[in-house]
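Let me begin by presenting the structure, written as structure tokens, before commenting on it.
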Amino acid sequence: MVRKVTIGGAQMGPIAPDESRDSCVARMIEMLREAASRGCDLVVFPELALTTFFPRYYEEDISRMDHWFETAMPNTATRPLFEAAAAAGIGFYLGYAELTPEGRRFNTSILVDGSGQITGKYRKIHLPGHSEFEPWRAFQHLEKRYFEPGDLGFGVWSQHAGLVGMAICNDRRWPETYRVMGLQGAELIVLGYNTPDTNTSEPEPNHLRMFHNHLVMQANAYMNACWVVGVAKAGVEDGCMLIGGSCIIQPSGEILARAATLEDELIVAVADLDACAAPRRGTFNLGRHRRVEHYGRIVRQAGIEIPADLSAAE
């Protein structure tokens, strides 16, 4: 069986606060049409692809932010995207803000197959930022205010003759994200992000934003012998600069395709899922080489704890 998937990374330029969902969907459909002309089987859209990155705005009454959330998927605004994808036989990944019937709020992504059916759902686990207004910041990053940590875990789904996992933005910085999916056989991990070019939490040279963006995805593609596709929202969005750098990374850790702009742009690469097999038989044969008896601290402990004997020595 040939297990080659032609993947399109559909980077989006900025979304203004007053841009409608219909407009965002129209932009995505335009890239989907280009993806069809270039033979894509799967298209990856960014995190929160239907709205501006609204966690930069503070609102005392969280319910007044509900208009940024989707209560159903597909819905009236997004159904044309599902229909266009199904007509082209293309699957896709889509990130959006989810408001559940119980009133819970999540930063969510879905995986859709070539017939337009939702095959998987993921809710962002590693939420960055803060929960209260902090006036000293150049802009707010209130994901901890508007979203709950995801409750679905890191799953994998059978699609395009392989095993596909999902993550969202800050998840890509945590090695546990990839390893949990890698232990389930994930051969392709797709994720969207909205990353500002300024770190308001700590001093950091600007150039490190893009360096770290690629570093974590490349390293974890290599260490888990899988393909990783990271797709950005990019450009100046309501005065906040979002990095681009959307990329498709092979299991060697090398970038095969990378966006050149900060606008709507489709990058394409052919992913041979069988390229995961050789490193999984050798260097990263997890069953043969992992030593789980020594890893317990990883799941028992969240923050740094200096061993008692070393603390006493101080």
Let me check something: do [X] and [Y] share a hydrophobic cluster, defined by ILVMFWY side-chain heavy atoms less than 4.5 Å apart, either directly or through other members?
X    : Y    : result
V216 : V229 : yes
I189 : V180 : yes
Y122 : I110 : no
I118 : I168 : no
F211 : M241 : no

Please determine whether a side-chain nitrogen of the Lys or Arg among [X] and [Y] lies less than 4.0 Å from a carboxylate oxygen of the Asp or Glu.
X    : Y    : answer
R79  : E83  : no
E148 : R105 : no
R3   : D274 : yes
K124 : D171 : no
K4   : D41  : no
R33  : E30  : yes

Mind checking the [atom1]-[atom2] spacing from [X] to [Y]? Nearest 0.5 Å is all I need.
X    : Y    : atom1 : atom2 : value
N107 : I125 : CG    : CD1   : 11.5 Å
M28  : L266 : CE    : CG    : 13.5 Å
T198 : I243 : OG1   : CD1   : 10.5 Å
R258 : E265 : CZ    : CD    : 10.5 Å
H160 : L188 : NE2   : CG    : 9.0 Å
M73  : K121 : CE    : NZ    : 8.5 Å

Do E143 and N170 pass the side-chain contact (heavy atoms from CB on, under 4.5 Å) test, and can you show the C-alpha distance, the side-chain angles, and the key distance before you say yes or no? CA-CA 11 Å; E143 287 194 62; N170 190 46; 5.9 Å; no

Below 4.5 Å, heavy atoms only, C-beta onward: do [X] and [Y] meet side chain to side chain?
X    : Y    : answer
R280 : E187 : yes
R123 : E98  : yes
H126 : T177 : yes
N220 : P175 : yes
R172 : V228 : no
I255 : Q218 : yes
M181 : M166 : no

Any side-chain to backbone donor/acceptor pair from [X] onto [Y]? Under 3.5 Å, distance only.
X    : Y    : result
Y222 : M217 : no
R27  : I15  : no
H130 : K144 : no
S246 : A232 : yes
E47  : N194 : yes
H141 : P128 : no
Q140 : E134 : yes
R179 : M223 : yes
E59  : D61  : yes
Q250 : A271 : no

Please report the shortest heavy-atom distance between [X] and [Y], naming the atom on each side.
X    : Y    : value
C247 : H214 : SG-CD2, 3.6 Å
L262 : L242 : CD2-O, 4.1 Å
S115 : D113 : OG-OD1, 2.7 Å
P14  : G235 : CD-CA, 4.1 Å
A257 : V268 : CB-O, 3.7 Å
P251 : A225 : CB-C, 3.8 Å

Could you check R173 against T195 for side-chain contact (heavy atoms from CB on, under 4.5 Å), going step by step and ending with a plain yes or no? CA-CA 12 Å; R173 303 187 189 278; T195 299; 3.7 Å; yes

Say whether [X] and [Y], considering side chains only, have a donor N or O and an acceptor N or O under 3.5 Å apart.
X    : Y    : value
N75  : T78  : yes
S252 : E254 : yes
E102 : T100 : yes

Go through M210 and D197 one step at a time and tell me if the side-chain contact (heavy atoms from CB on, under 4.5 Å) criterion holds. CA-CA 8 Å; M210 188 64 77; D197 74 341; over 6 Å; no

Anything under 3.5 Å between a donor and an acceptor, one on a side chain of residues 296-304, the other on a protein residue two or more places apart or in another chain? List them.
{"from": "R297", "atom 1": "NH1", "to": "Q301", "atom 2": "OE1", "distance (Å)": "2.8"}
{"from": "Q301", "atom 1": "NE2", "to": "G303", "atom 2": "O", "distance (Å)": "2.9"}

Side-chain atoms of residues 152-159: list all donor-acceptor pairs with protein atoms under 3.5 Å, sequence neighbours left out, distances to 0.1 Å.
{"from": "W157", "atom 1": "NE1", "to": "T119", "atom 2": "O", "distance (Å)": "3.4"}
{"from": "Q159", "atom 1": "OE1", "to": "T119", "atom 2": "OG1", "distance (Å)": "2.7"}
{"from": "Q159", "atom 1": "NE2", "to": "V112", "atom 2": "O", "distance (Å)": "2.9"}

Show the numbers, then the answer: is there a side-chain contact (heavy atoms from CB on, under 4.5 Å) between R137 and S201? CA-CA 8 Å; R137 293 179 182 264; S201 297; 3.3 Å; yes

Kindly assign one of parallel, tilted or perpendicular to the pair F45 and F92, based on the angle between their ring planes and the thresholds 30° and 60°. perpendicular

Tracing side-chain links under 4.5 Å among I, L, V, M, F, W and Y, which residues wind up in one group with F147?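 Via sub-4.5 Å side-chain contacts, F147 links to L48, F53, F54, Y57, Y58, I62, M65, W68, F69, L99, L127, F133, L142, Y146.
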
